[in-house]
Visitor: 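Dropping a structure here in structure tokens format, bear with me for questions.
Numbers restart at 1 for each chain; the letters A, B, ... are given by sequence-line order, proteins then strands. Both backbone and side-chain heavy atoms feed into the values below; hydrogens, waters and symmetry mates do not. Please read these numbers as outputs of a predicted model, since none were measured by experiment.
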Amino acid sequence: MTSRVPSPNPVRLLLAIGCLAATSATEHRHLDIQVFDQRGLPLRDAVVELARPAGDNRPLVFAWRNAMAQRNEAFVPGTLIVPRDATVAFPNLDTVRHSIYSFSRAARFQIDLYGSDQTRAHQFAVAGTVALGCHIHDHMKGYLRVTDTPYAARSDLDGVAQIGNLPEGTYAVTVWHPQGTGRDGEWHGSVRLVEGRPNRLTIGTR
Amino acid sequence: MTGAPSRSGWRRLIRHAPRWLRSARLRGQGWRGKLEVRVSLHIAALLIAIMVLTVGVADYGLRLYAFSVAERDLAASAGVLDRNLAARQDQMRSEAEVVSRDFGFREAFALSDRKTLQSALASLADRTHAGAALVVGLDGMVTASPGTPPVKGTALLGALNAGRNGGLINVGNHLALGVAARIEMPDLAGWLVLARPLGPRDLAALTGLSGLPIDAGVTDLAGLDPTLAGFEPGTIAHHDGPGGDELVRVSALPSLDSTLHPRLVLRYQLASATRAYHSLRVALASIGMIAVAMGVFLGSRLARGILLPLGRLAVATAAMARGEMVRVEPRGRDELASLARSFNAMVDAIEEREQKITHAWLHDGLTGLPNRRFFQEKLDRAVARRADDSRILVALLDIDDFRLINDTMGHAAGDALLLQFAALLQGAMPGAGVARFGNDEFGVVLDDIGPARDLAALVDELARKLTVDVDLAGQIVPVSASFGVAVCPDDAQDSATMLKHAELALDRARADGKGTYHFFEATLDEVASSRRKLEIALRHAVRNGEFELNFQPLFCPALHAIKGFEALLRWDHPQRGRISPAEFIPVAEQSGLIIPISEWVIRDACRQAATWPATVAVAVNISPSHFRVPGLVSCVVSALAQSGLAPHRLELEITEGVFITNFDTTLDTLRQLRALGVRIALDDFGTGYSSLSYLRAFPFDKVKIDQSFVRDVGTDSSARAVVRAIAALADALGMETLAEGVETETQYDALIIEGCSMIQGYLISRPVPGTEVAAVLARYDDPAAISAVA
């Protein structure tokens, strides 16, 4: 599968700004969910997704760029959350060429060897986990988490995933980690969000 | 252990051997048998012990060696197996890893395209010659090529998750060697597992065990014999297995299957290993037994070789002890032969010595003639076998004056004379038995003399033959012999009596003179026995003081006074009464009793004379015997001292016979006596040897004229002439003369006319006892008595 770079749609852009403005009028709520593994240690690079509440029509877009770069024979960032149907760029910022592949059910593709002077992209139409590897560099591993919900964040070093703009309430949560012991690495549960109070989730990891 | 006889059997033999030895000793077969058996048994026991020890040690050593070889082989095999397994695993793993990395393969896996996967696995299994290729998912789900026996994936998860990539797994129900390669996409999505079955042949090939008696087997711990399971893994242990004694090494093999605990069991059949040494052991045992047999045989041969000659020697020695002279036969050239030869030499020497001793026992050393003992035996034999009508003659001979010749010419000459005489004697009577009894005494025995033979003529001829001149060291010496003859059965019936009678006859012959012989007369025996009786009586008399001194006065006509008394010995025998000195003096002289008698006479004479007036002396006769022994001078000295008698009052009368033997010592004694002041008178002058030189040799004080001259002086002019001569001679030499045995006045007158200074005889007085001496003196003091004489 090959991809080509689409040109930005000005209309869409304006619409995005408008939505942003609209939502900014309502209350911001930063909700922290702290993820721990079964040993009690903070779990980093876990993806926390909260299911869209009913009637929510927040646009599926994230603050970060949908790009998985390769630098120093490693995928940067190691874990990337991308919206469904997003086209993710794979810039090669490395001095060597790479050949990316994935056997994941969510996306099965491979990119032939390309160098730093080139970039490639692929569209991910299925939600789920995409494990990326490099044909010639066995140690290169990267993960794309293709998600339906905008309410997704990656846990940092402290295991804290900051998810904003959600009212208090109970939400269905999915926590994914590469070593997660649940099916496909996903942990499903529900969480009751209370402002100002961090929410702790413990998932099992290998 | 199979094969050779057990060690316990040998030990039993050794324990019982001493008992057999002891019983062999008790089973007395004569000393030779015992010793031989003992030696053989000892050698046998020693050899058996040595061989048993050797075989035992060799056996043990072989076993140890076989053991160590087995251990080495087992350890080596185990090591080889480990390395081969690892090598095979590495190879399989690299093949698996190639496939697990393959994109297509991973794609097929990701697609969960089971069919594709299975065919890919089948192809892989073929390619790698593995028995099975399968994929194990993270959940333990197994995808395998069709036809693969079932594998429990969940059992492998533990090992796989732990990261182990090699080990044994259960394929179907068979053990297989498995390797796992991670399937990464890029996360671990599963494992590709290749498995190769481990059959016995594979194991054998793996362990490189062709030819060695090692069985290799891999079994799960569960299916392992509990004994084997109990062994510490990696160590070699002894095990009595179904196949016999064996060495076993159990070691653990890595396993991917958590339910599987495979054990590699290496068995080493010791029986086959020791089989190789079995023949060696048999050979050793055979050598041992042959050695024992040979040793026993040789030992017994050797023993016999020593013991037979020893036995013969012992028998010979025992015979020797009994007195038989036995020789042994030396066989061979070894020490025993030389011992036998030495033994023979010893026997020879003993025999020779015995013969010499016997000879010396029976023969005289100087002349080689038989000695008295032998002579006696011969005589006994002759007497025993004498025929009724035959006679035996025994003559005992004495060489006349032998002592004189010995003294004057020396002992060498005397010995030469004896030798010559012996030869003479032997030649004189051939057929007679000749013997030397000792000193100068010889014996002759002649037997089987017919009744008609003239014995006197025989003896006479013998006497003639023995009267010869012999050349002794250049000097011609006349030799003659006196002999006494006794005849059997006339004079005696047994040898002892014959000898005694011959001896008596010899005594008589000696008394008769030189060169004479005398036949035995019965009277001689009587004479001899009476003489012996007298001798005994004399001894008694000496002890008991039965002697008495009588005194006969010595009258001096010139002074008409008695100047002295001659002491005469009288003996009153308790039974026989008075015995004349003529009878007992010779016996005293012969027996040597004369010495104590003489000493007593001197002492008593001095004692009695001391009581007489000082003008009266006492004259004592001294026997020549007394001069032959030392002590005369001291006797005189002590007698004089004891009595207090003045020496000049003692007069010693000696005969010329004193000079015959030892002239010089006699002279010396006389001088000593004279030095004391004692007077010496020469008695019996004119008879006997009458050597005038004796008168010159010593300054006698007195010469006594023998009564044989005095008897005829009255009638015979020649007798008067002799007396006149003696008186003149004596006077010229300054000696007194005394005439003995004066009985008549005619003799008295004649004697005075011829110049005799003193008179002694019955005319004056007969000998009187000491008590009457004073009376006699008194009588001659009386002038009337004197005139009666004058």
Side-chain angles (χ1 to χ4, degrees), chain A residues 1 38 43 45-47 68 70 72-80 90 97-113 122 124 126 128-145 176-186 204-206, chain B residues 90 93-121 124 134-141 143 153-165 179-193 256 258:
Chain A
M1 258 184 275
Q38 76 276 18
L43 196 62
D45 293 334
V47 173
M68 182 70 92
Q70 302 116 62
N72 292 332
E73 295 182 17
F75 285 110
V76 177
T79 307
L80 184 69
F90 294 97
R97 293 177 189 236
H98 296 287
S99 174
I100 301 169
Y101 71 89
S102 173
F103 286 112
S104 302
R105 262 199 311 275
R108 216 162 260 155
F109 71 99
Q110 68 169 1
I111 305 172
D112 290 337
L113 207 66
H122 186 80
F124 295 90
V126 180
T129 312
V130 179
L132 301 167
C134 176
H135 277 307
I136 59 174
H137 300 110
D138 291 334
H139 57 268
M140 282 177 68
K141 280 191 195 157
Y143 301 94
L144 290 175
R145 187 69 183 157
W176 175 91
H177 190 271
Q179 272 83 51
T181 51
R183 191 164 171 273
D184 294 333
E186 292 174 350
T205 57
R206 276 197 285 268
Chain B
D90 286 341
R93 200 179 302 118
S94 55
E95 286 168 338
E97 275 172 3
V98 163
V99 171
S100 72
R101 292 228 173 90
D102 184 60
F103 185 78
F105 182 79
R106 280 189 285 175
E107 201 173 1
F109 183 71
L111 288 170
S112 301
D113 184 351
R114 273 184 76 84
K115 270 205 142 113
T116 313
L117 216 49
Q118 279 177 335
S119 62
L121 287 171
L124 176 60
L134 36 103
V135 167
V136 179
L138 286 173
D139 53 357
M141 180 134 140
T143 314
T154 44
L156 305 174
L157 278 182
L160 293 172
N161 274 324
R164 293 213 295 273
N165 57 12
V179 293
R182 291 159 69 94
I183 303 173
E184 289 179 332
M185 308 202 293
D187 285 333
L188 181 68
W191 296 272
L192 170 63
V193 174
L256 287 177
S258 56

Visitor: Is B/Phe109 close to chain A through its backbone or its side chain, or both, or neither, when contacts mean heavy atoms under 4.5 Å?
Guide: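 No part of B/Phe109 comes within 4.5 Å of chain A.
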Visitor: Between chain A and chain B, which N or O donor and acceptor atoms come closer than 3.5 Å?
Guide:
unit_1: A/Tyr101; atom_1: OH; unit_2: B/Arg106; atom_2: NH1; d: 3.1
unit_1: A/Arg108; atom_1: NH2; unit_2: B/Ala110; atom_2: O; d: 3.0
unit_1: A/Lys141; atom_1: NZ; unit_2: B/Asp187; atom_2: OD1; d: 3.3
unit_1: A/Tyr143; atom_1: OH; unit_2: B/Asp187; atom_2: OD1; d: 2.7
unit_1: A/Tyr143; atom_1: OH; unit_2: B/Asp187; atom_2: OD2; d: 2.6

Visitor: Could you grab the distance from atom CD1 of A/Ile111 to atom SG of A/Cys134, nearest 0.5 Å is fine?
Guide: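 Output value for this atom pair is 10.5 Å.
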Visitor: Would you check, one step at a time, whether the test side chain to side chain contact (heavy atoms under 4.5 Å, CB included) holds for A/Leu80 with A/Phe75?
Guide: CA-CA 10 Å; A/Leu80 184 69; A/Phe75 285 110; over 6 Å; no
Visitor: Is there a side-chain contact between B/Leu192 and B/Leu121, using heavy atoms and a 4.5 Å cut-off?
Guide: yes
Visitor: Could you state the interatomic distance from CG (B/Leu188) to CG (B/Leu160), rounded to the nearest 0.5 Å?
Guide: 9.0 Å
Visitor: If we only count heavy atoms from C-beta on, is the B/Val135 to B/Phe105 side-chain gap below 4.5 Å?
Guide: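 Side-chain contact under 4.5 Å: yes.
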Visitor: In Å and rounded to the nearest 0.5 Å, what is the CG to CG distance from B/Leu157 to B/Leu256?
Guide: 11.0 Å
